[in-house]
Amino acid sequence: MASEELAKKLQSRLAATQEAEPRPEPEQSPVRPKPQEPEAACGDSSSELSAKLTRRLDINEGNAAPRPTRVFNPYTEFKEFSRKQIKDMETMFKRYDTGRDGFIDLMELKLMMEKLGAPQTHLGLKNMIKEVDEDFDGKLSFREFLLIFRRAAAGELQEESGLMALARLSEINVSTEGVMGAKDFFEAKMQAASLGSKFEAEIREEKEERKRQEVEKKQRQAAFKQLQSTFCS
């Protein structure tokens with residue numbers, strides 16, 4: 001009995017000791033500060049410039065996503081040109097768009113300039129595209145192709161530039177039907193046409209001179225025959 005009583009006392013003392021010991025509190029996860037949102041751009045112009053520079057950098061690194069093709073009406077956007085002129089430009093554009101993708105790339109532009117008789121270096125071709133490449137995709141859309149003739153008509157192209165050579169050597173003379181406020185940027189071609197007309201005029205004069213000589217010869221022969229018949233009668 002004494003041993004059972006002793007065992008009960010030891011158990012009660014052990015239980016009291018365990019209740020008296022402090023229990024460890026559960027650890028709390030540290031509170032993380034919320035990330036601050038980037039501040040808005042100071043102005044529309046600076047943000048637009050930043051976006052363009054960022055896209056250009058992405059294009060150079062090959063990380064830019066392609067932009068959807070811009071749909072436009074050439075007859076309303078390029079009102080300085082007649083419908084016939086735009087049709088002629090479209091025909092020329094499609095002639096050299098051998099890939100039939102709606103663009104003239106570097107190699108197609110190379111072929112175009114060779115066909116026009118004004119071949120360009122690789123760097124020259126890249127500079128030609130860069131001068132009117134508004135979306136930085138490295139090729140010419142039909143709208144950018146029309147920009148070449150708009151800038152040429154407005155006298156905004158350098159005389160020695162490849163784009164000026166393209167405008168001059170093409171069969172599309174946007175100055176003949178009148179361009180609002182435009183300079184005559186086909187002066188060299190018109191001079192060549194003038195020389196051709198002069199050459200043709202000289203040929204016509206030679207033909208007319210030969211005709212006059214033939215007529216005079218026939219008249220002399222007829223007069224001689226008439227005179228001969230008079231003496232013989």
Side-chain angles (χ1 to χ4, degrees), residues 45 48-49 51-60 64-190:
S45 59
E48 183 179 356
L49 178 60
K52 287 183 177 180
L53 292 175
T54 302
R55 175 165 175 79
R56 190 56 183 264
L57 180 62
D58 291 339
I59 290 172
N60 294 337
R67 287 183 175 178
T69 305
R70 179 179 178 181
V71 179
F72 78 104
N73 187 336
Y75 302 107
T76 57
E77 185 169 349
F78 292 84
K79 295 180 179 179
E80 64 267 38
F81 301 138
S82 68
R83 292 183 65 86
K84 181 182 182 303
Q85 289 168 342
I86 292 179
K87 285 291 185 183
D88 291 342
M89 295 176 199
E90 185 177 14
T91 300
M92 181 180 182
F93 181 86
K94 290 181 177 179
R95 184 189 311 153
Y96 293 101
D97 178 20
T98 56
R100 298 295 184 266
D101 59 352
F103 297 93
I104 292 179
D105 59 23
L106 189 69
M107 294 306 297
E108 290 168 340
L109 181 61
K110 178 178 182 293
L111 177 63
M112 176 190 290
M113 298 307 295
E114 289 175 353
K115 291 288 186 181
L116 292 175
Q120 303 289 314
T121 63
H122 184 77
L123 180 60
L125 293 168
K126 292 181 69 175
N127 288 335
M128 287 175 64
I129 293 177
K130 184 178 179 181
E131 196 165 351
V132 290
D133 186 14
E134 293 188 333
D135 54 3
F136 307 128
D137 60 356
K139 50 189 177 182
L140 297 177
S141 64
F142 180 52
R143 181 181 181 278
E144 292 165 343
F145 186 71
L146 292 177
L147 287 176
I148 297 173
F149 293 92
R150 168 180 281 177
R151 296 188 61 184
E156 297 175 357
L157 297 179
Q158 297 294 327
E159 288 293 327
E160 64 278 4
S161 69
L163 293 184
M164 193 65 173
L166 189 158
R168 280 177 170 168
L169 295 172
S170 69
E171 295 300 323
I172 307 163
N173 192 336
V174 297
S175 65
T176 54
E177 299 182 29
V179 179
M180 296 183 299
K183 296 181 180 179
D184 187 3
F185 65 97
F186 286 120
E187 182 179 354
K189 186 176 179 180
M190 291 176 66

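All values below come from the heavy atoms of this structure, side chains included, with hydrogens, waters and symmetry mates left out.
Atom CE of M164 and atom CD of Q158 lie 9.5 Å apart (nearest 0.5 Å). Taking CZ from F93 and OG from S170, the interatomic distance works out to 14.0 Å, rounded to the nearest 0.5 Å.
Take K87 and apply the side chain to side chain contact (heavy atoms under 4.5 Å, CB included) test, not counting sequence neighbours, and it matches Y75, E90.
Taking the six-membered ring where tryptophan is involved, the planes of F145 and F142 are essentially parallel, since the angle between them stays under 30° and well short of 60°.
Among all heavy-atom pairs drawn from A167 and F149, the shortest one is CA-CE2, 4.2 Å. Of all non-hydrogen atoms in A165 and M113, the two that sit nearest each other are CB-CE, 4.3 Å. Across T76 and N73, no two heavy atoms sit closer than the pair OG1-O, 3.0 Å.
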Kindly determine whether L109 and M112 satisfy side chain to side chain contact (heavy atoms under 4.5 Å, CB included), including the steps that lead there. CA-CA 5 Å; L109 181 61; M112 176 190 290; 4.1 Å; yes
Steps toward side chain to side chain contact (heavy atoms under 4.5 Å, CB included) verdict (M89, F81): CA-CA 10 Å; M89 295 176 199; F81 301 138; 3.8 Å; yes
In sequence, state the C-alpha distance, the side-chain angles, and the governing distance for D88 and K84, and then conclude on side chain to side chain contact (heavy atoms under 4.5 Å, CB included). CA-CA 6 Å; D88 291 342; K84 181 182 182 303; 3.0 Å; yes
For a quick test of your reading: what N or O donor-acceptor pairs under 3.5 Å do the side chains of residues 122-131 make, sequence neighbours left out?
residue	atom	partner	partner atom	Å
N127	ND2	L123	O	3.3

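Within the structure, every pair that satisfies the side chain to side chain donor-acceptor pair (under 3.5 Å) test and touches residues 101-115, not counting sequence neighbours, is listed here: T98-E108, K110-E114.
Side chain of Q120 to main chain of A118: a donor-acceptor pair is present (N/O by atom type, distance under 3.5 Å, no hydrogens or angles). Put simply, the side chain of E134 never gets that close to the backbone of E144: no donor and acceptor are under 3.5 Å apart.
Shown are L146, I104, L106, D97; of these, the side-chain contact (heavy atoms from CB on, under 4.5 Å) with L140 is made only by I104.
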